[in-house]
Amino acid sequence: MYEQINNQFLATSKQLAETTFKAHGLAFAGLERVVSVQMQALQDQMNATANFWSHASDVREIDGARALLPTGAQLVRESAEKAYATAQEVMNITAQTGESIGALVRDTMETANQNVIRATEQVVTEAGNATREAVRSSDRFVKEATTASKKAR
């Protein structure tokens, strides 16, 4: 019986380690996607800012500066929109990663639960068989003792 408990404990520990490794892989893949999205957004923003400052450095008069003002406002508006879109995409990636990890844990828990149920059913069956055998042996002993007692009289 102790061997069954030890085997069950070892199997569950192995399954937990495998699940943890898979969850770590999913989390790392999600992090990698988030970093990639954020780096692309940063690169796009840096390019847009560099272009703006390149045009701004060419301005030599007041009229050119006035013409540059709407371009700067446009840059700020686009930056805010892109930052919002990037944040939404990061949230979606995070939610997908969380759902994937949750599904992995749920499947692992269901498998572990089924393994425990199977092991428990096996132990109950073996205990029932042992009990029936003990009852038979006890009945035989009582019959033999009764017979011996009758003969001794």
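We count residues from 1, following the sequence as given.
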Hey, could you give me the CG/CD distance between L75 and E78, rounded to the nearest 0.5 Å? 7.0 Å

Please say yes or no: joined through hydrophobic side-chain contacts below 4.5 Å, possibly via intermediate residues, are V34 and F28 part of one cluster? no

R136: salt bridge (Lys or Arg N to Asp or Glu O under 4.0 Å) partners, not counting sequence neighbours: E133

Mind checking whether I101 and M109 sit in one hydrophobic cluster, side chains of I, L, V, M, F, W, Y counted as touching below 4.5 Å? yes

Output side-chain donor-acceptor pairs under 3.5 Å for residues 14-25, partner residues at least two apart or in another chain, one line each.
| residue | atom | partner | partner atom | Å |
| --- | --- | --- | --- | --- |
| T19 | OG1 | Q15 | O | 2.9 |
| T19 | OG1 | T108 | OG1 | 3.0 |
| T20 | OG1 | L16 | O | 2.8 |

With sequence neighbours excluded, tell me which residues meet side chain to side chain contact (heavy atoms under 4.5 Å, CB included) with T147. K151

Ignoring hydrogens, what is the shortest heavy-atom contact between I93 and G30? Give both atom names and the distance. CG2-O, 3.7 Å

Cluster membership besides V124, Ile/Leu/Val/Met/Phe/Trp/Tyr side chains within less than 4.5 angstrom, sorted by chain and number, is none

Check: A145 main-chain N/O paired with S149 side-chain donor or acceptor under 3.5 Å: no

Working to the nearest 0.5 angstrom, can you tell me the gap between K82 NZ and E89 CD? 13.0 Å

Are V37 and Y84 connected, step by step, through hydrophobic side chains (Ile, Leu, Val, Met, Phe, Trp, Tyr) whose heavy atoms are closer than 4.5 Å? no

For the CD1 atom on I62, are there more than 12 heavy atoms of other groups (residues, nucleotides or ligands in this structure) within a distance under 6.0 Å? no

Minimum-distance pair of heavy atoms, taken over all atoms of T97 and L26: CG2-O, 3.6 Å

Ignoring hydrogens, what is the shortest heavy-atom contact between R60 and S57? Give both atom names and the distance. NH1-O, 3.3 Å

Hey, what do you get for OG1 (T71) to CG (N51), rounding to the nearest 0.5 Å? 11.5 Å

Between the CD atom in E61 and the CZ atom in R66, the distance rounded to the nearest 0.5 Å is 10.5 Å

Distance (rounded to the nearest 0.5 Å) between W53 CH2 and L68 CG: 8.0 Å

With sequence neighbours left out, the residues meeting salt bridge (Lys or Arg N to Asp or Glu O under 4.0 Å) with E81 are R77

CZ of R106 to CD of E99, rounded to nearest 0.5 Å, is 9.5 Å

Under 3.5 Å donor-acceptor, T131 side chain and A127 backbone: yes

Pairwise salt bridge (charged side-chain N to carboxylate O under 4.0 Å, His left out) hits with a residue in residues 25-47, at least two apart: none

Go through the steps to decide whether Q114 and E110 satisfy the test side chain to side chain donor-acceptor pair (under 3.5 Å), and finish with yes or no. CA-CA 6 Å; Q114 291 300 320; E110 288 174 1; over 6 Å; no

